[in-house]
Structure formats: C-alpha cells, structure tokens
Amino acid sequence: MEKVFTRPHALTDVPLHYCPGCPHGIVHRLVAEVIDELGIEGSTIGVAPVGCSVFAYNYFECDMQEAAHGRAPAVATGIKRVHPDKVVFTYQGDGDLAAIGTAETVHAAARGENITTIFINNAIYGMTGGQMAPTTLLGQVTQTTPYGRDQGRNGNPIRVSEMLATLDGPSYIERVTVDTIPHIKAAKKAIKKAFENQIAGKGFSLIEVVSTCPTNWGMSPTEAFDWMRDNMLPHYPLGVYKDIDAKEEK
Amino acid sequence: MGNKVLMKGNEALAEAAIRAGCKHFFGYPITPQTEVSAYMAKKMPKIGGVFLQAESEVAAINMVYGAGGAGARVMTSSSSPGISLKQEGISYIAGADVPCVIINIVRGGPGLGGIQPAQSDYYQAVKGGGHGDYHLVVLAPSSIQEMVDLTADAFDIGDKYRCPVMIMGDGMLGQMMEPVEFKDTDTASLPEKDWATTGTDMKRKKNIINSLFIEPKDLEDLVLARQKKYDEIEANEVRYETEDIEDADIILVAYGTTARIAKTAMSKAKAKGLKVGIIRPITLWPFPYEAFEKALADGKKKTFLAVEMSMGQMVDDVKIAVNGRADVDFFGRTGGIVPTPNEILNKIEEIAGGDK
Ligand SMILES: Cc1ncc(C[n+]2csc(CCOP(=O)(O)OP(=O)(O)O)c2C)c(N)n1
Ligand code: SF4
C-alpha cells in the first residue's frame, strides 16, 4: 500500500514534548515539510529560542544552535554572515521575540538580515507557566495579570507584524494561524515563501503564527482556538503586512 | 615576517586578529577601544570578511556565539560597561564550548565609570562574570608586540580547547604606539571543527550547539568533562615572566601596563640597594601559581607586593598562591589613575623599612 502521510524527513523521529493540542507541533511540522519540499535540509541551520520551543534543536533534523532568551536573531545573524549560502531560520515565541529580544528582532529586520523567522504568538509565556507576554490582550488574565491586563498598569499589547512592516529591511511579513485546514495550508504557503525569499536573497522574512496555549489559558484545545478566533484575531488580523514582490508588481 | 611597523595598540590587535584568520568581527562602539572596530570596518570588506556594528554588546556577543558555533574564527571587542553586557553571551558560549576571542580594553568603573586605563575588571574576567561553572582563558599583554602575539595565540587556544578567550588590555596599551612584528600563523595542528553548524549536507548527523541540559546528571557530566579541559589548560597554557625573584626580599606582582611601571619602580629600588624582583602574570586565568612556588622555594622571609590599577583584585590570587607562606601587600590606584613609579617605589621602601 502507498504511504500517503509520513513524518517529514526534516522532523526528527522523537516524541515532541508539547502539551496535547498545542499548535507548536503543527508549526514544527509545517516548517519541516517546507524544508523537505525545498530540499534544503542539508544546507539549513536553525536557531531555537528560550520558551516552550526550546527543544526545537532536538526536533529539526538540520544543524541547530540554541540561543539565549531573545537572542535568536543575533545568533542567526552570526551564522548567516559566516555561511551566506546556507539557509538560516529562527523559531521564537512572543516573550522571546517581542519582549526580551525586541532589540535583536527589530535590528535583524532593519538590517534586512537574510534569514527567516517563525514567530509563535500565543499571547502568553508558556514555558514559565503562563505570565503576561508583550502580546497579551487587554483584559486577558495571566499569572502576572490576575485581574486582567490593564492598560495603565501593564501597558498595551504589541502588534509585531505591523510594527516591523514599517521598516525598510524586511522583504516579507505575513500573519497566519493554524486553527483550520485552510488556515494551515495558507500558513504553510507563507512559511514556504519566507524560506524561498531567503534562498533568493531577498532579505528578512517573518511569519507570525497566531497561536494558543491551551495549558496556560486553562482551556481545551478547541476552546482555545475558539477564544483565539474571538479575541486574538480581531486584535491581530491575518494577512500580508509586507511583501516587496507585491510592490514590484504594481 | 621580519618587518617592524609602528602601530597603535588597538589597531595592531585588530591586524593581528585578521592575520590569525579572523574574518568575522561584531562590535558596538565604546571608548577606549573604538580603533579596533574602526580598523575592522576598514579592512574586513577588503578581505572578504565581515564587520558588523551590532545594536548592542548583547547582540554582538550573540552574533559571536552564532558565528563561532558555525565554525568561524570570530572576535568582538569592547570596554568594561560593554563587557558587562556581554556576560550573558559569554556564559552561553562557554556552556556550548564555542571558541571565540573577546577583547576588553578596560576602563575605570563601576557603572559608567571613566574612560581612562584601569584593571578593575579582573574579578569579572577571572572569577566568572557570567553565571555558571566556567572559566575564560584571560591573557594580559603588557606591550603592543605582546598584544599582537597573544591575539594570534588566543585564537589558537580557543580552537584547541573549544573555549572563549579574553584579552585584557587597558586604554594605555590600546592608545600607545610601538613597533611590532607580525608572526606567521600555522593552524595545521589544530583540530578540525567537525562539531560546527555548517549544514549537514545530508552527509553527517546534525550538529547542535547548545548549553541546555535539563537532566542534572547530564549537566554534571558535561561540567566535569569541561573541568578536565580546564585542568589541561592549567597544565599547558600558564604564562608568566619573572625577573630577579631568586633572592628578592620584595617581589612585585603586576600585569599589563602596571607591570611596565612596576619594572621602572623595581629598577629605582635596586639602584637604592633593595632586593626586588617581579612576577608578571601573562595568563590571569590560569593564574601562574608556579611562579610563586619558584619564588618561595628558598623558604626565606619575603613580601609579595601586588600592584594594580584597581582596589586590589588580583591580590586575592596572590594570597591564594602564597597561602600564608609569606607576607602579601598591595598598592593600587583606581578610577583611571595610572600609578607612578615613585608611588610604587615609596610603597617598596615602606615595606623594606618595616622589615628593618
Ligand atoms: C534571561 C532569561 N530570563 C528569563 C528566562 C525564563 N523564561 C524561560 S521561557 C520564558 C518565556 C517564554 O515565553 P515565549 O517566548 O512567549 O514562548 P512560549 O513558552 O510561550 O512558547 C521565560 C521568561 C530565561 N530562560 N532566561
Ligand atoms: S505550555 Fe502552552 S505553549 Fe507550551 S507546550 Fe503547553 S500548550 Fe504549548
């Protein structure tokens, strides 16, 4: 019988440690499928963050470096400047990318560093047990905003894709999600384009994946997706925020 | 080879790095080391290398981690406040066994401090700085020629042992001009970097550069293995210079710029009939305990006088080396004040007088 569904080669054959229903696993698979389809496993170097996806270095079959919290874009920059012909990507959560690593993110983007960044926005710090993230919504209850995130007390959530799209460096920024089959397909297409851009030497690409954290949101995986659709997508609308190709076509 | 050129310390250091095969430099401007960056910015594009002005020292050291992990000979340079920011990255680099060279052209502190020469980062460089069980190999040149030679050696030591190496200079060394000669580099004997993230090419198992080991037993095993490496470094890489320690009553202990001034003080003291010698540590870690054993071998009563541009940091290691077998005294200026030979001489005479 023909096998119609197998593990992508670029995804290491080990059990992922993610909670059941956590979108991290879906996004890992999409990245691995793209690496397979582009035939770049042997020439790709990934950078894992600090956050729930810290063990990503065990999950991708390509060479990997584990970065300090927030520093993945700087680490990726170092690797890419040594191996400009190799494909370098980072995989980061919202605390990693948009709080402690904001400077590294903004400047890698501003330099137009020719790397690909996969950004998981689950509006919370998953790994440390559910504290406020820079993307936590106003009113959202977390361990460190027990009365809900308050604008005066806790500040406002950051829309990363919109913010980075104001820079001249990035070539491609799109916000996607992975709650439905069509959305997963669109997410994969975006991730693929982000890698293809790098191979074509177009510069910095970032795919923001609006995600969930069922465990720390205290919901079932399906409730979490419902909550995400009702609350996160209105604040973080899906779509392309920057695409230098589209500009060229005009 | 064989050609002497007159160069400023910071520029000679940068040139030495390039000649040692360093094609990647990541830095952030800070006085008094900016000439290193400026030199790299000028030279790197011409030799197909990379000079990148990072957004911060934090980013720069993490670029170094990436580039070093990817197999390159890589360097960053900074001064005290910037080196503080690099400590996170240095700890990760040590924990992931990534070779690299870090330059600290030390200035006065704490805080923003000043921009004049100092040695008050000794603790930070030698006793940790970042978190965890690790060491930096710390090299302390006291002339521009030595700065050049040690820069080449720093890359070799880093590659040989897969560890970060720091060169500690000060603003005086960085700004001073002296004739230097560059030696040829030979890296043939160094191990291949088969651990680096260069892409598997589908020909080998993947390489992982990482400092996370969640199982305590795994982490302990790794730290123990690294300790063995440190033991080897302590056995093989200790460097120091001694002068007239054999029958000295007073032995000066000083490194870097301070050692030069201490030597002038020593000559003056000798002219006055005092028996003075000097130990000049070249490696601050590993500390040259051996030199103290030599000095103590005759069992005679003597005093070791640590002279530093700090409130006394290396003097702790002198005490450890001496271990109660002789008197240990200290003289230092700090905040960017360079001690004069006469100040040191006064201290020597005070000690000598006390002995009478
Ligand atoms: C310097 C430093 N500060 C804090 C931490 C603790 N820490 C680990 S993961 C994390 C938050 C990660 O959240 P996020 O990036 O949103 O990823 P997620 O876990 O949600 O996937 C924090 C604060 C750390 N490891 N290092
Ligand atoms: S804590 Fe949240 S983000 Fe982390 S694995 Fe579990 S569900 Fe996923």
Side-chain angles (χ1 to χ4, degrees), chain A residues 9-10 12 17 35-36 39-51 54-88 90 100-111 113 115 127, chain B residues 23-26 28 44 48-74 76 85-93 95-96 98 100 130-131 193 195-214:
Chain A
H9 189 272
T12 308
H17 72 283
I35 291 175
D36 276 11
I40 54 171
E41 186 189 304
S43 58
T44 296
I45 301 150
V47 183
V50 173
V54 67
F55 292 121
Y57 58 80
N58 282 331
Y59 302 151
F60 293 107
E61 219 18 43
C62 54
D63 279 356
M64 295 290 296
Q65 290 203 29
E66 164 55 30
H69 197 16
R71 317 298 177 217
V75 175
T77 297
I79 300 169
K80 186 73 182 184
R81 295 299 182 114
V82 173
H83 301 300
D85 300 335
K86 301 285 157 79
V87 178
V88 180
T90 73
I100 195 165
T102 313
E104 285 79 2
T105 304
V106 168
H107 287 274
R111 284 193 303 270
E113 207 62 57
I115 59 172
M127 190 192 209
Chain B
K23 283 197 161 176
H24 293 83
F25 179 91
F26 303 95
Y28 187 85
M44 283 300 193
V50 170
F51 163 82
L52 198 157
Q53 181 170 325
E55 57 271 29
S56 68
E57 288 86 350
V58 176
I61 193 70
N62 282 283
M63 290 171 187
V64 166
Y65 171 75
R73 282 201 151 182
V74 58
T76 185
L85 272 185
K86 288 187 196 291
Q87 292 304 328
E88 174 197 63
I90 291 173
S91 168
Y92 280 71
I93 285 168
V98 170
C100 69
H131 58 284
K193 296 186 177 180
W195 44 263
T197 56
T198 54
T200 65
D201 220 5
M202 307 305 267
K203 284 182 186 145
R204 58 157 169 79
K205 282 175 81 177
K206 71 170 170 182
N207 286 334
I208 302 174
I209 298 292
N210 173 41
S211 65
L212 174 68
F213 299 91
I214 214 80

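Chain identifiers are assigned alphabetically (A, B, ...) following the order of the sequence lines, protein sequences preceding nucleic acid strands; residue numbering begins at 1 within each chain.
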Could you grab the distance from atom [atom1] of [X] to atom [atom2] of [Y], nearest 0.5 Å is fine?
| X | Y | atom1 | atom2 | result |
| --- | --- | --- | --- | --- |
| B:K206 | A:T12 | NZ | OG1 | 3.5 Å |
| A:Q65 | B:S211 | CD | OG | 10.5 Å |
| B:E55 | A:T77 | CD | OG1 | 7.5 Å |

Ignoring hydrogens and angles, tell me if any N or O in the side chain of [X] forms a donor-acceptor pair with the backbone of [Y] under 3.5 Å.
| X | Y | value |
| --- | --- | --- |
| B:H24 | A:R81 | yes |
| A:H107 | B:A54 | no |
| A:K80 | B:A67 | no |
| B:Y65 | A:E66 | yes |
| A:K86 | B:T198 | yes |

Side chain from CB out, backbone as N, CA, C, O: work out which of these in [X] comes under 4.5 Å of a heavy atom of chain A, or both, or neither.
| X | answer |
| --- | --- |
| B:I61 | neither |
| B:A196 | backbone |
| B:S91 | neither |

Residue among B:V98, B:D201, B:I208 with most heavy-atom pairs under 4.5 Å to chain A: B:I208
For [X] and [Y], which heavy atoms make the closest approach, and how far apart are they?
| X | Y | value |
| --- | --- | --- |
| A:E61 | B:T200 | O-CG2, 4.3 Å |
| A:A74 | B:N62 | CB-CB, 3.8 Å |
| A:V82 | B:A70 | CG1-O, 4.0 Å |
| B:T197 | A:D63 | CA-OD2, 3.3 Å |

B:I209 vs A:M64 side-chain heavy atoms within contact, under 4.5 Å: no
Audit row: B:L212, A:Y57, side chain to side chain contact (heavy atoms under 4.5 Å, CB included) steps and yes/no: CA-CA 10 Å; B:L212 174 68; A:Y57 58 80; 3.6 Å; yes
Neighbour count >12 (heavy atoms, 6.0 Å) for atom CZ, B:F51: yes
NE2 (A:H17) with more than 12 external heavy atoms under 6.0 Å: yes
Heavy-atom proximity to chain B below 4.5 Å, by part of A:F60: backbone
